[in-house]
Amino acid sequence: MFGVTQEGNSVCCNVHGFEPYFYISCVDGIGPDDVPKLRSTLETRMREANRNSKSQTFVTKIEVVQKRSVMYYQVQKARSFLKIFVGLPTMVAGCRGILEKGINIDGIGQRCFLTYESNVLFALRFMIDCDIAGGNWVELPVGAYQKSSRQLSYCQLELDIHYSKIVSYPAVGQYSKMAPFRILSFDIECAGRKGHFPEPEHDPVIQIANLVTVQGEQRPMVKNVMTLKSCAPIVGADVMSFDTEKEVLLAWKEFVKEVDPDIIIGYNICKFDLPYLIERAEKLDVVEFPILGRIRNSRVRMKDASFSSRQYGIRESKELTIEGRVQFDLLQAMQRDYKLSSYSLNSVSAHFLGEQKEDVHHSIISDLQNGNSETRRRLAVYCLKDAYLPQRLLDKLMYIYNYVEMARVTGVPISFLLARGQSIKVLSQLLRKAKQRNFVLPNVKSQGVVSGESFEGATVLDAKAGYYDKPIATLDFASLYPSIMMAYNLCYCTLVRAEDQHYLRLEPEQVTKTPSGDMFVKPSLEKGILPEILEELLAARKRAKADLKLATDPLEKAVLDGRQLALKISANSVYGFTGATIGQLPCLEISSSVTSFGRQMIDHTKKLVQERFTTANSYSHDAEVIYGDTDSVMVQFGTSDVHEAMELGREAAQQISDTFTQPIKLEFEKVYWPYLLISKKRYAGLLWTKPEKYDKMDTKGIETVRRDNCLLVKNLVTECLHKILIDRDIPGAIQYVKNTISDLLMNRMDLSLLVITKGLTKAGDAYENKAAHVELAERMRKRDAATAPNVGDRVPYVIIKAAKGAKAYEKSEDPIYVLENNIPIDPQYYLENQLSKPLLRLFDPILKNASKELLHGSHTRSVSISTPSTGGIMKFAKKRVSCVGCRTPISEENQILCKHCQGREAELYQKTVSNVRDLEQLFGRLWTECQRCQGSLHQDVLCTSRDCPIFYRRKKAQKDLGEAELQLEKWDF
DNA sequence: AGGATGCTCTAA
DNA sequence: ACTATTAGAGCATCCT
């Protein structure tokens with residue numbers, strides 16, 4: 001066990017005496033007397049299967065214990081199980097296999113056994129049995145431990161203890177404090193050959209930048225960079241230069257040992273930086289390099305890993321074992337926790353920190369390295385920033401707090417949170433609770449449940465699509481699925497098997513028959529462990545939220561907020577765990593019962609609202625449910641008054657809640673007004689939680705929140721919704737659409753607005769149909785395999801002009817390639833395949849003849865002649881005549897304002913002047929930034945970072961400035 | 001031409 | 001050895 005003390009000293013604790021084990025059920029005809037025979041037979045079989053093993057003993061002992069399977073309700077509270085102990089954790093799997101397949105015992109014959117808890121990872125088993133949760137405080141009591149006689153680790157403290165003597169503290173009071181982890185953030189630079197992505201086989205590591213921070217402190221304690229060849233000094237950082245690459249690598253290895261970090265972070269370190277260092281050291285025969293962990297002389301082990309889950313998709317990476325140090329790759333964390341269009345460090349930093357990285361195009365890294373100490377200094381500054389940004393992200397997003405709290409709540413080690421999926425967290429809680437109640441979990445083979453066999457999910461009420469100018473109240477069930485499981489005591493151990501229903505002779509009032517036809521006993525007979533877990537999670541969340549309100553210390557607040565979030569996520573994933581057909585312990589009776597209750601409840605709610613809130617019951621209008629999804633109903637009470645709608649919503653929620661079993665509760669949450677309902681799962685509206693003012697514009701499911709639309713569509717739809725819902729200016733929205741379409745067709749659109757991104761969810765050949773992003777990825781692989789997108793990456797592309805009738809997958813192209821080669825894009829495609837349908841969906845409910853008005857007006861006729869050689873997009877400052885006030889096109893060259901805006905000259909002149917000034921400033925700032933980034937030596941190298949926001953913003957500012965200056969000139973006439 | 005199917009992404 | 005769920009919209013391609 002590795003850890004850190006309150007004072008910040010690293011500890012290695014050699015825990016003794018804890019043995020791996022699992023259970024089997026005692027089948028008929030096998031009693032306690034047969035145990036020695038079983039042990040010796042099993043021992044022989046194990047020895048046969050592992051002839052080369054040096055192990056003395058495989059099966060160390062077998063105990064008879066009184067336990068009970070968690071599966072199905074049983075009257076008998078305990079029966080005999082055999083607890084089988086083995087010599088090493090790796091022997092569990094082999095032993096399990098033999099017992100499940102069948103074993104021939106002398107005098108008894110061939111027998112198969114069901115095994116229990118035989119799939120629990122040894123580390124988790126140990127933690128569960130010792131009540132240790134990931135990230136919590138553990139005490140080694142004075143007198144119970146010995147100082148180790150021989151140092152096996154590099155830790156500051158090394159101790160020996162018997163497992164039974166360890167004291168674990170729940171994270172309350174002083175024990176909820178975060179440990180002072182030492183965090184190392186690092187980044188490497190490699191000198192790739194021109195046009196190639198660096199490969200450890202050929203390309204040297206030239207720089208390694210490091211930042212060491214103690215968790216909770218504002219400033220890093222160490223900031224340095226190790227460089228190959230000389231490097232000019234950098235203020236605020238130690239520069240260490242070396243003549244050979246071997247020296248750089250060894251300096252870093254020593255540095256890691258010296259700093260002794262608890263956590264190693266960085267961006268893409270698990271897939272790039274760490275493997276690169278290891279492979280490079282191998283190539284250079286630096287044999288002593290890969291000793292980076294806390295165990296003496298233990299080398300880092302590396303293997304290819306592929307993680308696949310429905311939630312996160314397929315993700316390939318390398319799995320490195322660095323003993324005693326948690327690897328926390330910010331890229332992996334970002335991909336798990338946030339849905340973004342791009343996951344480059346640059347883009348992520350811009351998004352969360354409003355800060356960009358020093359952008360050095362990979363093609364000039366080698367030039368900088370081969371220059372002098374000044375150019376290498378520039379590279380080092382860049383490298384340092386890449387080490388600094390992950391630490392900033394870690395702080396900004398409260399990652400340590402949130403992940404440590406998640407580990408504490410679910411009980412798994414912190415390292416599992418990034419390396420494993422959701423189900424291990426539920427399993428960990430389930431095993432802990434089962435142990436308390438003397439249950440054991442069966443090891444079901446996934447074939448037991450026919451994979452692909454599915455169950456019915458939630459009801460989505462039909463959407464009465466349209467534009468609603470009256471307040472729409474939303475009633476929600478709070479934590480619907482957890483509430484259902486608690487209300488009806490749904491659990492593995494309360495489920496009455498169909499074949500048991502008869503002989504158990506249960507009275508109707510002792511059981512619940514669920515709408516899906518399954519039967520569960522009530523808590524009076526047996527309280528379910530799932531409801532118990534959920535109650536504890538939700539009660540703990542309530543406490544955390546209450547404490548959060550009282551807390552004043554920002555660190556304490558961070559801990560509590562992380563905790564309440566972890567508790568919420570954990571409660572919600574219990575249902576998913578039971579429905580995971582290829583999982584640890586699927587139980588579709590539970591999950592389909594949950595959803596069947598949910599369906600019944602939403603129907604019931606709709607019915608009650610429409611029955612009770614009527615003019616016949618002396619309400620001013622008849623209420624109408626216009627939509628609902630899973631746990632919510634949208635109600636039009638008919639009133640035009642927001643406050644009244646809120647009151648009615650509260651009344652309805654209260655009344656209807658009373659008709660449900662505790663703790664199921666319907667809550668009034670918010671009002672939408674106005675509300676645009678497009679279809680199921682797609683709507684927009686102004687959201688009100690108080691009658692005075694709306695909180696924000698809320699959009700669900702439509703283009704504005706989807707990552708696979710280009711910015712042009714997103715921006716246009718957002719702007720239209722803003723004009724329709726907030727400004728209530730439909731003509732303004734129409735004009736805006738027309739102007740945008742005109743800009744598009746005139747080739748005045750910035751390329752960055754036309755970039756579409758889609759995730760590459762599987763390997764190219766696994767796709768049955770051809771798709772634009774898949775084909776492009778394949779073409780890019782042929783151009784340069786190293787920089788082409790991989791499985792799990794997002795692929796950005798634009799649609800370019802091609803022969804008539806060409807498929808979209810033949811017209812997709814890499815935006816950078818398009819920019820560099822001046823390839824013309826296809827505006828018509830963007831109009832017909834990207835813009836038109838979303839716009840029509842938006843305008844159809846509020847505008848008759850929307851198609852004619854928006855997509856076929858005169859603004860669509862002024863198509864510019866495409867100029868393939870130069871490309872429309874590169875001409876940024878193009879003359880155009882439109883009204884300064886409202887951007888309506890004007891026919892006369894010298895006019896500034898349209899008829900409509902005349903009379904506002906003074907105001908609009910001021911606006912133009914300040915606009916030019918702002919743009920000048922903006923452009924100047926961006927230009928300086930790009931200048932600094934490119935370096936004065938390389939002015940001819942155009943920065944074309946795929947997603948450098950500055951690059952696009954600078955180009956945009958340049959274009960806008962040109963236009964604004966033109967406008968200003970006109971005022972002088 | 002038009003329905004079926006595959007694919008991506010989101011709501012809850 | 002690993003894997004939380006289903007419902008649904010909307011688009012492109014395939015297939016007849």
Which is true for A:Lys837 with a 4.0 Å heavy-atom rule: it touches a base, it touches only sugar-phosphate, or it touches nothing?
sugar-phosphate

What is the distance, to the nearest angstrom, from the CD1 atom on A:Ile702 to the C1' atom on C:dG8?
15 Å

Please work out if A:Lys770 contacts a base, only the sugar-phosphate, or nothing of the nucleic acid, heavy-atom cut-off 4.0 Å.
sugar-phosphate

I want to verify a distance call: between B:dA12, C:dT13, C:dG8, whose nearest atom is closest to the A:Val460 side chain?
C:dG8

Should the pair A:Tyr575 and A:Phe455 be assigned to parallel (<30°), tilted (30 to 60°) or perpendicular (>60°) ring geometry?
perpendicular

Looking only at B:dT10, C:dC11, C:dG10, the nucleotide nearest the A:Arg707 side chain is B:dT10

Say you pick atom C1' in B:dA12 and the same atom in C:dA4; how far apart are they, in whole Å?
14 Å

Under 3.5 Å, is there a donor-acceptor pair between the side chain of A:Arg599 and the main chain of A:Gly457?
yes

Can you work out whether A:Pro838 or A:Phe577 has the more 5'-proximal nearest nucleotide on DNA chain C?
A:Phe577

So what does A:Ala771 touch, heavy atoms closer than 4.0 Å: a base, only the sugar-phosphate, or nothing?
nothing

Touch class at under 4.0 angstrom, heavy-atom based, for A:Val594 against every strand present:
nothing

Look at all strands and tell whether A:Lys811 reaches a base, only sugar-phosphate, or nothing, counting heavy atoms closer than 4.0 Å.
nothing

Using a 4.0 Å heavy-atom cut-off across all strands, classify A:Asn833 as base, sugar-phosphate, or nothing.
sugar-phosphate

Taking the six-membered ring for Trp and the single ring otherwise, decide whether the centroids of A:His604 and A:Phe660 are under 6.0 Å apart.
yes

With a non-hydrogen cut-off below 4.0 angstrom, is A:Ser573 in contact with a base, only sugar-phosphate, or nothing?
nothing

NA contact type, A:Arg96, heavy-atom cut-off 4.0 Å: base, sugar-phosphate, or nothing?
sugar-phosphate

Just checking A:Arg682: base, sugar-phosphate only, or nothing, at a heavy-atom cut-off of under 4.0 Å?
sugar-phosphate

If you look at every strand shown and take non-hydrogen atoms under 4.0 Å, does A:Tyr683 touch a base, only sugar-phosphate, or nothing?
sugar-phosphate

Touch class at under 4.0 angstrom, heavy-atom based, for A:Gly576 against every strand present:
base

Please evaluate residues A:Asn715 and A:Leu753 with respect to the criterion side-chain contact (heavy atoms from CB on, under 4.5 Å), reporting the C-alpha separation (whole Å), side-chain torsions for both, the decisive distance (0.1 Å), and the verdict.
CA-CA 9 Å; A:Asn715 292 347; A:Leu753 295 174; 3.6 Å; yes

Checking all strands, does A:Ser423 fall into the base, sugar-phosphate, or nothing category for heavy-atom contacts under 4.0 angstrom?
sugar-phosphate

If you look at every strand shown and take non-hydrogen atoms under 4.0 Å, does A:Tyr481 touch a base, only sugar-phosphate, or nothing?
nothing

Touch check for A:Arg841, heavy atoms < 4.0 angstrom, all strands: base, sugar-phosphate only, or nothing?
sugar-phosphate

